[in-house]
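I have placed the structure first, in the form of C-alpha coordinates, so that the comments after it can refer back to it.
For clarity, every value in this text was computed on a predicted model and none was experimentally measured. Indexing begins at 1, ligand by ligand and atom by atom, following the structure's order. Computed from heavy atoms alone, side chains included, the values below leave out hydrogens, waters and symmetry copies.
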Amino acid sequence: MARYIFVTGGVVSSLGKGLTSASLASLLQLRGYKVKIRKLDPYLNVDPGTMNPFEHGEVFVTDDGAETDLDLGHYERFTNRPATKEDNITTGQIYKDIIEKERRGEYLGSTVQIIPHVTNHIKKFISNKVSKEDFVICEIGGTVGDIESLPFLEAIRQFSNEEGRNKSLFIHLTLVPYIQASGELKTKPTQHSVKDLRSIGIQPDIIICRSEKNIPKEEKRKISLFCNVEPEHVIQSIDVKSIYEVPIKYDAEKLDKKILNIFGLKEKNKSNLKIWKDIVTKVNSKRKKVSIAIVGKYVDLKDAYKSLDEALIHGSLSNDVDLDAEWVDSKKINKNNVSKILKNYSAILIPGGFGVKGTEGKIEAIAYARKYKVPFFGICFGMQMAIIESARNVLGIKKATSSEFGNGGKHVIGLMQEWIKGKGIQKGSEKNLGGTMRLGSYKAKLKKNSLISKIYKSNLINERHRHRYEVNKNLKSKLEKKGLIFSGLSPDGSLPEAIELENHPWFIGVQFHPEFKSRPFAPHPLFSSFIKAAKNNSENKND
Ligand code: GLN
(Lines give C-alpha, C1' and ligand atoms only; values in the text may rest on other atoms or scores of the structure.)
Protein backbone atom coordinates (compact mmCIF):
# COMPACT_ATOMS: atom_id res chain seq x y z
CA MET A 1 0.00 0.00 0.00
CA ALA A 2 1.43 3.36 -1.01
CA ARG A 3 1.66 6.27 1.40
CA TYR A 4 1.58 9.80 0.06
CA ILE A 5 3.84 12.58 1.31
CA PHE A 6 2.93 16.08 0.10
CA VAL A 7 5.60 18.76 0.22
CA THR A 8 4.46 22.39 0.11
CA GLY A 9 6.45 25.60 0.51
CA GLY A 10 5.77 28.85 2.28
CA VAL A 11 7.11 32.37 2.87
CA VAL A 12 9.40 32.58 -0.18
CA SER A 13 10.26 30.46 -3.19
CA SER A 14 13.61 28.69 -3.77
CA LEU A 15 13.77 27.15 -0.31
CA GLY A 16 14.80 23.79 -1.72
CA LYS A 17 11.56 21.80 -1.83
CA GLY A 18 13.02 19.78 -4.69
CA LEU A 19 16.17 18.87 -2.79
CA THR A 20 14.16 18.16 0.33
CA SER A 21 11.89 15.78 -1.60
CA ALA A 22 14.86 14.15 -3.32
CA SER A 23 16.78 13.77 -0.05
CA LEU A 24 13.79 12.31 1.78
CA ALA A 25 13.27 9.88 -1.10
CA SER A 26 16.90 8.83 -0.86
CA LEU A 27 16.68 8.30 2.93
CA LEU A 28 13.58 6.14 2.57
CA GLN A 29 15.15 4.25 -0.32
CA LEU A 30 18.29 3.57 1.70
CA ARG A 31 16.06 1.95 4.29
CA GLY A 32 14.79 -0.40 1.60
CA TYR A 33 11.52 1.28 0.60
CA LYS A 34 10.34 1.82 -2.95
CA VAL A 35 9.75 5.52 -3.61
CA LYS A 36 8.33 7.56 -6.47
CA ILE A 37 8.61 11.36 -6.60
CA ARG A 38 6.28 13.63 -8.54
CA LYS A 39 6.11 17.34 -9.17
CA LEU A 40 2.99 19.44 -9.66
CA ASP A 41 3.75 22.81 -11.23
CA PRO A 42 1.22 25.62 -11.04
CA TYR A 43 2.18 27.57 -14.18
CA LEU A 44 0.12 27.73 -17.37
CA ASN A 45 2.80 26.46 -19.76
CA VAL A 46 1.99 22.93 -20.86
CA ASP A 47 5.61 22.04 -20.07
CA PRO A 48 8.71 24.11 -19.31
CA GLY A 49 10.11 23.39 -22.80
CA THR A 50 9.19 26.80 -24.15
CA MET A 51 10.22 28.78 -21.06
CA ASN A 52 13.39 30.78 -20.80
CA PRO A 53 15.83 28.57 -18.87
CA PHE A 54 17.55 31.71 -17.62
CA GLU A 55 14.41 32.58 -15.71
CA HIS A 56 12.94 29.19 -14.95
CA GLY A 57 16.06 27.03 -14.89
CA GLU A 58 17.00 23.99 -16.94
CA VAL A 59 14.50 21.90 -18.86
CA PHE A 60 15.13 18.34 -17.70
CA VAL A 61 14.43 15.62 -20.26
CA THR A 62 13.23 12.16 -19.24
CA ASP A 63 13.94 8.86 -21.02
CA ASP A 64 10.43 8.87 -22.45
CA GLY A 65 10.92 12.33 -23.91
CA ALA A 66 9.08 14.63 -21.51
CA GLU A 67 10.41 18.14 -21.00
CA THR A 68 10.12 18.62 -17.27
CA ASP A 69 11.03 20.78 -14.33
CA LEU A 70 14.65 20.75 -13.18
CA ASP A 71 13.63 19.26 -9.85
CA LEU A 72 13.09 15.95 -11.63
CA GLY A 73 16.83 16.05 -12.26
CA HIS A 74 17.46 16.22 -8.52
CA TYR A 75 15.02 13.36 -7.99
CA GLU A 76 16.84 11.17 -10.50
CA ARG A 77 20.30 12.04 -9.26
CA PHE A 78 19.41 11.39 -5.63
CA THR A 79 17.44 8.20 -6.15
CA ASN A 80 18.89 6.82 -9.41
CA ARG A 81 15.30 6.10 -10.42
CA PRO A 82 14.47 7.37 -13.92
CA ALA A 83 11.56 9.79 -13.99
CA THR A 84 8.83 9.51 -16.62
CA LYS A 85 6.33 11.84 -18.20
CA GLU A 86 3.83 10.71 -15.57
CA ASP A 87 5.93 12.36 -12.86
CA ASN A 88 5.43 16.04 -13.74
CA ILE A 89 2.26 17.94 -14.46
CA THR A 90 1.50 21.64 -14.93
CA THR A 91 -1.69 23.66 -14.74
CA GLY A 92 -1.32 24.19 -18.49
CA GLN A 93 -1.27 20.44 -19.09
CA ILE A 94 -4.32 19.91 -16.88
CA TYR A 95 -6.34 22.64 -18.61
CA LYS A 96 -5.26 21.38 -22.02
CA ASP A 97 -6.43 17.84 -21.21
CA ILE A 98 -9.71 19.06 -19.73
CA ILE A 99 -10.50 21.44 -22.58
CA GLU A 100 -9.72 18.73 -25.15
CA LYS A 101 -12.03 16.36 -23.29
CA GLU A 102 -14.73 19.01 -23.16
CA ARG A 103 -14.45 19.58 -26.93
CA ARG A 104 -14.76 15.83 -27.52
CA GLY A 105 -18.01 15.98 -25.59
CA GLU A 106 -16.82 13.83 -22.73
CA TYR A 107 -18.43 16.12 -20.15
CA LEU A 108 -21.64 16.49 -22.12
CA GLY A 109 -24.33 18.05 -19.99
CA SER A 110 -22.10 19.34 -17.20
CA THR A 111 -20.55 22.67 -16.40
CA VAL A 112 -16.79 22.14 -16.36
CA GLN A 113 -15.31 23.64 -13.20
CA ILE A 114 -12.15 23.84 -11.07
CA ILE A 115 -13.91 21.71 -8.47
CA PRO A 116 -14.46 18.88 -9.32
CA HIS A 117 -12.94 18.66 -12.81
CA VAL A 118 -9.53 20.23 -12.25
CA THR A 119 -9.12 18.78 -8.76
CA ASN A 120 -10.17 15.32 -9.98
CA HIS A 121 -7.59 15.52 -12.75
CA ILE A 122 -4.90 16.41 -10.20
CA LYS A 123 -5.92 13.57 -7.88
CA LYS A 124 -5.76 11.13 -10.77
CA PHE A 125 -2.27 12.34 -11.64
CA ILE A 126 -1.07 11.85 -8.05
CA SER A 127 -1.96 8.15 -7.90
CA ASN A 128 -1.56 7.32 -11.59
CA LYS A 129 0.44 4.10 -12.18
CA VAL A 130 1.31 3.72 -8.50
CA SER A 131 1.52 0.03 -7.79
CA LYS A 132 4.49 -1.36 -5.92
CA GLU A 133 5.66 1.89 -4.34
CA ASP A 134 5.74 2.21 -0.57
CA PHE A 135 5.85 6.00 -0.77
CA VAL A 136 4.87 8.64 -3.30
CA ILE A 137 6.37 12.02 -2.57
CA CYS A 138 4.50 14.87 -4.30
CA GLU A 139 6.11 18.25 -4.43
CA ILE A 140 3.75 21.17 -5.04
CA GLY A 141 5.51 23.97 -6.92
CA GLY A 142 5.04 27.61 -5.95
CA THR A 143 4.39 29.14 -2.56
CA VAL A 144 1.32 28.78 -0.36
CA GLY A 145 -0.72 31.95 -0.77
CA ASP A 146 -0.24 32.13 -4.56
CA ILE A 147 -3.49 32.14 -6.54
CA GLU A 148 -2.03 29.56 -8.94
CA SER A 149 -1.42 26.89 -6.29
CA LEU A 150 -4.94 26.87 -4.89
CA PRO A 151 -6.42 24.07 -7.05
CA PHE A 152 -3.41 21.87 -6.22
CA LEU A 153 -3.73 22.47 -2.50
CA GLU A 154 -7.46 21.82 -2.65
CA ALA A 155 -6.79 18.61 -4.56
CA ILE A 156 -4.24 17.28 -2.06
CA ARG A 157 -6.57 18.19 0.81
CA GLN A 158 -9.35 16.16 -0.85
CA PHE A 159 -6.94 13.35 -1.69
CA SER A 160 -5.83 13.03 1.91
CA ASN A 161 -9.41 13.16 3.12
CA GLU A 162 -10.48 10.44 0.70
CA GLU A 163 -7.49 8.15 1.14
CA GLY A 164 -7.53 8.49 4.93
CA ARG A 165 -5.15 10.45 7.11
CA ASN A 166 -3.10 7.33 7.89
CA LYS A 167 -2.14 7.12 4.23
CA SER A 168 -0.99 10.69 3.67
CA LEU A 169 1.10 13.28 5.34
CA PHE A 170 1.87 16.97 4.78
CA ILE A 171 5.31 18.55 5.04
CA HIS A 172 5.51 22.32 4.87
CA LEU A 173 8.86 23.95 4.17
CA THR A 174 9.27 27.54 5.34
CA LEU A 175 11.90 30.14 6.02
CA VAL A 176 13.01 31.24 9.48
CA PRO A 177 14.98 34.39 8.73
CA TYR A 178 17.81 35.68 10.89
CA ILE A 179 17.69 39.39 11.61
CA GLN A 180 21.25 40.56 11.94
CA ALA A 181 20.47 43.85 13.71
CA SER A 182 18.63 42.20 16.60
CA GLY A 183 20.49 38.90 16.40
CA GLU A 184 17.20 36.99 16.32
CA LEU A 185 15.61 34.21 14.34
CA LYS A 186 12.05 35.11 13.38
CA THR A 187 9.22 32.58 13.44
CA LYS A 188 6.38 34.92 12.45
CA PRO A 189 6.60 34.31 8.66
CA THR A 190 6.30 30.56 9.36
CA GLN A 191 3.29 31.12 11.59
CA HIS A 192 1.57 33.17 8.89
CA SER A 193 2.34 30.70 6.16
CA VAL A 194 0.96 27.80 8.19
CA LYS A 195 -2.12 29.92 8.97
CA ASP A 196 -2.65 30.30 5.20
CA LEU A 197 -2.30 26.56 4.73
CA ARG A 198 -4.71 25.76 7.54
CA SER A 199 -7.26 28.25 6.19
CA ILE A 200 -7.57 25.99 3.15
CA GLY A 201 -7.91 22.92 5.29
CA ILE A 202 -4.39 21.55 5.38
CA GLN A 203 -2.77 20.97 8.75
CA PRO A 204 0.92 20.19 8.24
CA ASP A 205 2.26 17.17 10.09
CA ILE A 206 5.86 18.29 9.80
CA ILE A 207 7.28 21.78 9.41
CA ILE A 208 10.75 22.06 7.99
CA CYS A 209 12.36 25.40 8.72
CA ARG A 210 15.08 26.58 6.42
CA SER A 211 17.48 28.88 8.23
CA GLU A 212 21.06 30.03 8.21
CA LYS A 213 21.52 29.42 11.94
CA ASN A 214 20.61 26.61 14.32
CA ILE A 215 17.06 27.05 15.54
CA PRO A 216 17.02 26.96 19.35
CA LYS A 217 14.50 24.84 21.25
CA GLU A 218 12.55 27.92 22.34
CA GLU A 219 11.85 28.98 18.73
CA LYS A 220 10.92 25.43 17.75
CA ARG A 221 8.51 25.33 20.70
CA LYS A 222 6.94 28.60 19.54
CA ILE A 223 6.44 27.24 16.02
CA SER A 224 5.01 24.05 17.45
CA LEU A 225 2.55 25.94 19.64
CA PHE A 226 1.30 28.42 17.05
CA CYS A 227 1.27 26.02 14.13
CA ASN A 228 -0.27 23.12 15.98
CA VAL A 229 2.44 20.53 15.28
CA GLU A 230 4.38 18.43 17.77
CA PRO A 231 7.67 20.03 18.85
CA GLU A 232 9.74 17.13 17.47
CA HIS A 233 8.01 17.59 14.13
CA VAL A 234 9.52 21.05 13.76
CA ILE A 235 12.68 20.25 11.86
CA GLN A 236 15.47 22.55 10.89
CA SER A 237 17.11 22.66 7.51
CA ILE A 238 20.32 24.56 7.88
CA ASP A 239 22.16 26.07 4.89
CA VAL A 240 24.92 23.72 3.71
CA LYS A 241 27.95 24.09 1.47
CA SER A 242 27.18 21.14 -0.76
CA ILE A 243 23.79 19.73 -1.73
CA TYR A 244 25.10 16.23 -0.97
CA GLU A 245 25.03 17.14 2.73
CA VAL A 246 21.25 17.60 2.68
CA PRO A 247 20.33 13.90 3.15
CA ILE A 248 22.89 13.66 5.98
CA LYS A 249 21.40 16.69 7.74
CA TYR A 250 17.86 15.35 7.42
CA ASP A 251 19.01 12.00 8.76
CA ALA A 252 20.51 13.80 11.76
CA GLU A 253 17.09 15.42 12.31
CA LYS A 254 15.55 11.91 12.02
CA LEU A 255 13.16 13.13 9.32
CA ASP A 256 12.60 9.71 7.73
CA LYS A 257 12.27 8.00 11.10
CA LYS A 258 9.63 10.50 12.23
CA ILE A 259 7.71 9.98 9.01
CA LEU A 260 7.71 6.20 9.53
CA ASN A 261 6.45 6.83 13.08
CA ILE A 262 3.63 9.08 11.90
CA PHE A 263 2.49 6.36 9.49
CA GLY A 264 2.85 3.79 12.25
CA LEU A 265 5.40 1.83 10.20
CA LYS A 266 8.24 -0.17 11.67
CA GLU A 267 11.73 0.70 10.44
CA LYS A 268 12.50 -1.75 7.67
CA ASN A 269 16.28 -1.28 7.72
CA LYS A 270 18.64 0.92 9.69
CA SER A 271 19.58 4.02 7.75
CA ASN A 272 22.85 3.65 5.92
CA LEU A 273 24.32 6.89 4.71
CA LYS A 274 27.67 5.61 3.52
CA ILE A 275 27.11 6.66 -0.10
CA TRP A 276 26.39 10.25 0.92
CA LYS A 277 29.12 10.42 3.56
CA ASP A 278 31.73 9.20 1.06
CA ILE A 279 30.75 11.93 -1.38
CA VAL A 280 30.78 14.67 1.26
CA THR A 281 34.21 13.53 2.49
CA LYS A 282 35.48 13.83 -1.07
CA VAL A 283 33.87 17.25 -1.57
CA ASN A 284 35.50 18.53 1.61
CA SER A 285 38.93 17.02 0.96
CA LYS A 286 41.76 19.11 -0.41
CA ARG A 287 41.97 18.46 -4.13
CA LYS A 288 44.02 19.85 -6.96
CA LYS A 289 42.32 22.77 -8.75
CA VAL A 290 41.58 22.41 -12.44
CA SER A 291 40.02 25.26 -14.43
CA ILE A 292 37.86 24.74 -17.46
CA ALA A 293 35.97 27.25 -19.60
CA ILE A 294 32.30 26.78 -20.42
CA VAL A 295 31.77 28.98 -23.43
CA GLY A 296 28.19 30.20 -23.73
CA LYS A 297 26.15 33.24 -24.63
CA TYR A 298 24.74 33.94 -21.18
CA VAL A 299 27.04 33.75 -18.22
CA ASP A 300 25.00 34.66 -15.15
CA LEU A 301 22.94 31.54 -15.17
CA LYS A 302 22.45 29.80 -11.85
CA ASP A 303 20.11 26.95 -12.70
CA ALA A 304 19.93 27.11 -16.50
CA TYR A 305 22.47 24.28 -16.82
CA LYS A 306 21.84 22.44 -13.57
CA SER A 307 22.45 18.89 -14.84
CA LEU A 308 25.61 20.00 -16.62
CA ASP A 309 26.96 21.65 -13.45
CA GLU A 310 26.18 18.49 -11.53
CA ALA A 311 27.70 16.14 -14.10
CA LEU A 312 30.91 18.20 -14.06
CA ILE A 313 31.05 17.92 -10.27
CA HIS A 314 30.49 14.15 -10.51
CA GLY A 315 33.30 13.89 -13.08
CA SER A 316 35.65 15.94 -10.93
CA LEU A 317 34.92 13.87 -7.83
CA SER A 318 35.83 10.71 -9.71
CA ASN A 319 39.16 12.33 -10.70
CA ASP A 320 39.88 13.83 -7.27
CA VAL A 321 40.06 17.35 -8.59
CA ASP A 322 38.47 20.56 -7.40
CA LEU A 323 36.87 21.82 -10.57
CA ASP A 324 36.71 25.51 -11.29
CA ALA A 325 34.22 25.67 -14.16
CA GLU A 326 34.06 29.27 -15.31
CA TRP A 327 31.50 30.62 -17.74
CA VAL A 328 33.07 32.62 -20.54
CA ASP A 329 30.87 34.95 -22.59
CA SER A 330 31.08 33.81 -26.21
CA LYS A 331 29.76 37.19 -27.40
CA LYS A 332 33.08 38.69 -26.30
CA ILE A 333 35.30 36.17 -28.10
CA ASN A 334 36.77 36.91 -31.53
CA LYS A 335 39.71 35.74 -33.64
CA ASN A 336 42.07 38.27 -32.10
CA ASN A 337 41.38 37.73 -28.44
CA VAL A 338 40.48 34.02 -28.32
CA SER A 339 43.87 32.72 -27.19
CA LYS A 340 44.24 35.49 -24.61
CA ILE A 341 40.82 34.66 -23.16
CA LEU A 342 41.16 30.88 -23.19
CA LYS A 343 44.85 30.22 -22.60
CA ASN A 344 44.59 29.73 -18.85
CA TYR A 345 41.94 27.03 -19.00
CA SER A 346 42.78 23.34 -19.13
CA ALA A 347 39.73 22.40 -21.22
CA ILE A 348 36.83 23.96 -23.10
CA LEU A 349 33.19 22.90 -23.06
CA ILE A 350 30.38 24.21 -25.25
CA PRO A 351 27.01 23.18 -23.89
CA GLY A 352 23.58 22.90 -25.49
CA GLY A 353 22.05 26.11 -26.75
CA PHE A 354 19.65 27.80 -29.12
CA GLY A 355 19.87 30.74 -31.50
CA VAL A 356 22.55 32.57 -33.42
CA LYS A 357 23.66 35.00 -30.70
CA GLY A 358 27.24 34.36 -29.58
CA THR A 359 27.84 31.53 -32.06
CA GLU A 360 30.80 33.16 -33.82
CA GLY A 361 32.65 33.31 -30.50
CA LYS A 362 31.84 29.65 -29.85
CA ILE A 363 33.20 28.72 -33.27
CA GLU A 364 36.42 30.66 -32.55
CA ALA A 365 36.77 28.82 -29.23
CA ILE A 366 36.40 25.47 -31.01
CA ALA A 367 38.97 26.45 -33.66
CA TYR A 368 41.34 27.32 -30.81
CA ALA A 369 40.72 23.98 -29.04
CA ARG A 370 41.20 22.06 -32.29
CA LYS A 371 44.42 23.80 -33.32
CA TYR A 372 46.08 23.97 -29.91
CA LYS A 373 44.97 20.51 -28.82
CA VAL A 374 43.03 21.72 -25.80
CA PRO A 375 40.51 19.11 -24.55
CA PHE A 376 37.14 20.01 -26.03
CA PHE A 377 33.65 18.73 -25.26
CA GLY A 378 30.75 19.89 -27.44
CA ILE A 379 27.29 18.97 -26.24
CA CYS A 380 24.36 19.09 -28.69
CA PHE A 381 24.64 22.68 -29.98
CA GLY A 382 28.35 22.42 -29.11
CA MET A 383 28.74 19.48 -31.50
CA GLN A 384 26.80 21.32 -34.23
CA MET A 385 29.14 24.32 -33.84
CA ALA A 386 32.16 22.00 -34.04
CA ILE A 387 30.88 20.72 -37.40
CA ILE A 388 30.42 24.28 -38.67
CA GLU A 389 33.94 25.15 -37.49
CA SER A 390 35.52 22.22 -39.35
CA ALA A 391 33.36 22.80 -42.43
CA ARG A 392 34.55 26.39 -42.57
CA ASN A 393 38.17 26.13 -41.50
CA VAL A 394 39.13 22.60 -42.60
CA LEU A 395 36.97 22.04 -45.68
CA GLY A 396 36.96 25.69 -46.72
CA ILE A 397 33.14 25.99 -46.87
CA LYS A 398 33.34 29.58 -45.70
CA LYS A 399 29.60 30.14 -45.49
CA ALA A 400 28.88 26.95 -43.52
CA THR A 401 26.10 27.57 -40.99
CA SER A 402 22.89 26.15 -39.53
CA SER A 403 19.41 26.74 -40.89
CA GLU A 404 18.48 27.54 -37.29
CA PHE A 405 20.12 30.94 -37.95
CA GLY A 406 18.12 31.83 -41.07
CA ASN A 407 18.12 31.20 -44.78
CA GLY A 408 21.53 32.54 -45.74
CA GLY A 409 24.76 30.55 -46.05
CA LYS A 410 25.40 26.87 -46.65
CA HIS A 411 23.43 24.73 -44.26
CA VAL A 412 25.64 22.01 -42.85
CA ILE A 413 23.21 21.76 -39.93
CA GLY A 414 19.51 21.74 -40.68
CA LEU A 415 16.09 20.28 -40.18
CA MET A 416 16.04 16.68 -41.38
CA GLN A 417 13.47 17.32 -44.07
CA GLU A 418 15.74 19.99 -45.50
CA TRP A 419 18.41 17.52 -46.47
CA ILE A 420 16.87 14.05 -46.58
CA LYS A 421 14.02 13.99 -49.05
CA GLY A 422 11.63 11.15 -49.62
CA LYS A 423 13.08 8.83 -46.96
CA GLY A 424 10.02 9.03 -44.79
CA ILE A 425 11.86 10.46 -41.83
CA GLN A 426 9.53 12.71 -39.88
CA LYS A 427 11.13 15.40 -37.79
CA GLY A 428 9.65 18.13 -35.64
CA SER A 429 8.17 21.07 -37.42
CA GLU A 430 9.26 24.62 -36.77
CA LYS A 431 5.70 25.91 -36.72
CA ASN A 432 4.68 24.36 -33.46
CA LEU A 433 7.53 24.79 -31.02
CA GLY A 434 6.16 22.97 -27.96
CA GLY A 435 7.29 19.36 -27.51
CA THR A 436 8.21 18.90 -31.18
CA MET A 437 11.95 18.37 -30.90
CA ARG A 438 13.73 15.04 -31.01
CA LEU A 439 13.18 14.26 -27.36
CA GLY A 440 14.12 11.47 -25.00
CA SER A 441 16.34 8.41 -25.15
CA TYR A 442 17.58 7.05 -28.46
CA LYS A 443 20.16 4.39 -29.14
CA ALA A 444 23.37 5.15 -31.00
CA LYS A 445 26.03 2.86 -32.45
CA LEU A 446 29.62 3.78 -31.75
CA LYS A 447 32.49 3.14 -34.12
CA LYS A 448 34.75 0.30 -33.05
CA ASN A 449 38.00 1.47 -31.43
CA SER A 450 36.91 5.09 -31.41
CA LEU A 451 37.81 7.12 -28.33
CA ILE A 452 34.15 7.42 -27.40
CA SER A 453 33.56 3.66 -27.60
CA LYS A 454 36.56 3.13 -25.33
CA ILE A 455 35.17 5.67 -22.88
CA TYR A 456 31.78 3.95 -22.79
CA LYS A 457 33.38 0.48 -22.97
CA SER A 458 30.56 -0.34 -25.37
CA ASN A 459 29.55 0.06 -28.99
CA LEU A 460 25.90 0.65 -28.26
CA ILE A 461 24.64 3.46 -26.07
CA ASN A 462 21.32 4.98 -25.11
CA GLU A 463 21.25 8.71 -24.36
CA ARG A 464 18.72 11.51 -24.03
CA HIS A 465 18.14 14.06 -26.76
CA ARG A 466 16.59 17.50 -27.05
CA HIS A 467 17.21 19.14 -30.40
CA ARG A 468 15.44 20.11 -33.58
CA TYR A 469 18.38 20.34 -35.97
CA GLU A 470 20.77 17.62 -37.16
CA VAL A 471 24.23 17.49 -38.67
CA ASN A 472 24.03 16.94 -42.43
CA LYS A 473 25.52 13.49 -42.93
CA ASN A 474 26.54 14.33 -46.48
CA LEU A 475 29.69 15.90 -45.05
CA LYS A 476 30.78 12.66 -43.39
CA SER A 477 33.31 11.33 -45.87
CA LYS A 478 34.86 14.72 -46.58
CA LEU A 479 35.34 15.50 -42.90
CA GLU A 480 36.57 12.00 -42.09
CA LYS A 481 39.30 12.31 -44.71
CA LYS A 482 40.51 15.32 -42.71
CA GLY A 483 40.43 13.47 -39.40
CA LEU A 484 37.02 14.47 -38.01
CA ILE A 485 35.45 11.07 -37.44
CA PHE A 486 31.72 10.43 -37.17
CA SER A 487 32.18 8.08 -34.24
CA GLY A 488 28.50 7.64 -33.36
CA LEU A 489 25.47 7.19 -35.61
CA SER A 490 21.83 6.35 -35.05
CA PRO A 491 21.30 2.57 -35.49
CA ASP A 492 19.87 3.13 -39.01
CA GLY A 493 22.96 5.16 -39.86
CA SER A 494 21.03 8.30 -40.78
CA LEU A 495 21.79 10.62 -37.86
CA PRO A 496 25.23 11.68 -36.65
CA GLU A 497 25.30 11.19 -32.89
CA ALA A 498 28.97 11.72 -32.01
CA ILE A 499 32.12 13.09 -33.58
CA GLU A 500 35.77 13.08 -32.57
CA LEU A 501 39.03 14.38 -33.86
CA GLU A 502 41.96 12.11 -34.64
CA ASN A 503 45.36 13.25 -33.45
CA HIS A 504 43.92 15.27 -30.65
CA PRO A 505 44.10 14.35 -26.96
CA TRP A 506 40.34 14.78 -26.36
CA PHE A 507 37.97 16.37 -28.85
CA ILE A 508 34.47 14.94 -28.70
CA GLY A 509 31.09 16.28 -29.76
CA VAL A 510 27.81 14.56 -28.98
CA GLN A 511 24.34 15.31 -30.31
CA PHE A 512 22.74 14.08 -27.09
CA HIS A 513 22.86 15.31 -23.49
CA PRO A 514 24.93 12.89 -21.38
CA GLU A 515 24.59 15.21 -18.36
CA PHE A 516 21.02 14.01 -17.75
CA LYS A 517 22.22 10.53 -16.87
CA SER A 518 25.14 11.38 -14.61
CA ARG A 519 24.78 10.50 -10.93
CA PRO A 520 26.86 11.49 -7.90
CA PHE A 521 27.52 7.80 -7.19
CA ALA A 522 27.90 6.91 -10.85
CA PRO A 523 29.57 9.78 -12.73
CA HIS A 524 28.90 9.69 -16.46
CA PRO A 525 31.93 8.16 -18.26
CA LEU A 526 32.13 11.05 -20.76
CA PHE A 527 32.37 13.60 -17.96
CA SER A 528 34.90 11.54 -16.00
CA SER A 529 37.02 11.12 -19.10
CA PHE A 530 36.75 14.81 -20.08
CA ILE A 531 37.81 16.00 -16.61
CA LYS A 532 40.66 13.48 -16.68
CA ALA A 533 41.84 15.01 -19.96
CA ALA A 534 41.58 18.49 -18.40
CA LYS A 535 43.56 17.28 -15.38
CA ASN A 536 46.27 15.81 -17.64
CA ASN A 537 46.43 19.02 -19.61
CA SER A 538 46.77 21.12 -16.48
CA GLU A 539 49.60 18.86 -15.25
CA ASN A 540 51.40 19.20 -18.61
CA LYS A 541 51.00 22.97 -18.39
CA ASN A 542 52.57 23.06 -14.95
CA ASP A 543 55.52 20.84 -15.97
N1 GLN B 1 19.50 24.49 -31.14
C2 GLN B 1 19.96 23.19 -31.49
C3 GLN B 1 18.85 22.32 -32.03
O4 GLN B 1 17.70 22.57 -31.82
C5 GLN B 1 20.66 22.51 -30.33
C6 GLN B 1 19.76 22.22 -29.18
C7 GLN B 1 20.50 21.88 -27.91
O8 GLN B 1 21.68 22.17 -27.77
N9 GLN B 1 19.83 21.24 -26.98
O10 GLN B 1 19.12 21.33 -32.67
Side-chain angles (χ1 to χ4, degrees), residues 47-54 56-63 65-68 70 73 294-298 301 303-309 311 327 330 348-363 365-366 376-389 391 400-406 409 411-420 425-442 444 463-473 475 488 490 494-499 508-518 526:
D47 60 44
T50 53
M51 284 196 228
N52 182 350
F54 301 95
H56 183 77
E58 162 184 279
V59 175
F60 185 78
V61 180
T62 57
D63 277 328
E67 295 178 286
T68 68
L70 65 81
I294 306 178
V295 180
K297 71 173 159 181
Y298 297 119
L301 318 153
D303 283 344
Y305 287 93
K306 192 80 210 156
S307 296
L308 177 70
D309 294 344
W327 281 85
S330 62
I348 296 167
L349 185 148
I350 303 207
F354 294 82
V356 69
K357 217 177 184 181
T359 46
E360 292 305 317
K362 290 180 189 177
I363 293 167
I366 298 167
F376 167 76
F377 194 7
I379 297 178
C380 203
F381 199 63
M383 161 164 148
Q384 296 175 358
M385 294 306 107
I387 291 284
I388 294 179
E389 193 279 321
T401 184
S402 166
S403 63
E404 182 174 355
F405 312 149
H411 295 164
V412 297
I413 315 291
L415 289 171
M416 285 278 296
Q417 59 263 41
E418 289 169 355
W419 52 269
I420 298 185
I425 296 168
Q426 285 289 317
K427 294 304 292 176
S429 81
E430 266 199 315
K431 287 196 195 95
N432 201 349
L433 292 183
T436 54
M437 283 188 262
R438 184 169 182 235
L439 288 165
S441 275
Y442 287 91
E463 291 282 7
R464 296 185 197 173
H465 293 66
R466 182 174 185 252
H467 58 106
R468 196 177 306 280
Y469 298 87
E470 307 277 356
V471 172
N472 189 335
K473 218 191 97 185
L475 284 182
S490 57
S494 70
L495 304 173
E497 290 275 13
I499 54 164
I508 289 181
V510 291
Q511 188 58 80
F512 45 83
H513 290 272
E515 66 271 29
F516 291 140
K517 284 199 177 172
S518 188
L526 276 174

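Between the side chain of Lys297 and the backbone N or O of Phe354 there is at least one donor-acceptor pair closer than 3.5 Å. Put simply, the side chain of Glu58 gets close to the backbone of Ser307: a donor and an acceptor are under 3.5 Å apart. Of the possible polar contacts, one joining the Gln384 side chain to the Tyr469 backbone as a donor-acceptor pair under 3.5 Å is found. No donor-acceptor pair under 3.5 Å is formed between the side chain of His513 and the backbone N or O of Glu463.
Looking only at heavy atoms of the protein, atom 7 (C) of ligand 1 is closest to Cys380 SG, 3.1 Å. For atom 9 (N) of ligand 1, the nearest protein heavy atom (residue, atom name, distance) is Arg466 O, 2.8 Å. Protein heavy atom nearest atom 10 (O) of ligand 1, with residue, atom name and distance: Tyr469 N, 2.8 Å.
Here's the thing with His513: one of its N/O atoms is less than 3.5 angstrom from an N/O atom of ligand 1. Geometrically, ligand 1 and Gln511 share no nitrogen or oxygen pair separated by less than 3.5 Å. Between Phe381 and ligand 1, a contact under 3.5 Å exists for at least one N or O pair.
Comment: Glu515 does not engage Arg466 in a salt bridge, judged by the lack of any side-chain N to carboxylate O separation of less than 4.0 angstrom.
With atom 6 (C) of ligand 1 as the reference point, the heavy atom nearest to it among Gly378, Gly353, Gly352 is part of Gly353.
At a heavy-atom distance under 4.0 Å, atoms from both the backbone and the side chain of Arg468 approach ligand 1. Under 4.0 angstrom from ligand 1, the non-hydrogen atoms of Glu404 all belong to its side chain.
Using a 4.5 Å heavy-atom cutoff, the side chains of Ile413 and Phe405 are not in contact.
Partner Ser330 forms a side chain to side chain contact (heavy atoms under 4.5 Å, CB included) with one of Glu360, Met385, Lys362, Lys357 and no other, that one being Lys362.
For Glu470, the closest heavy-atom approach to ligand 1 does not fall below 4.0 Å.
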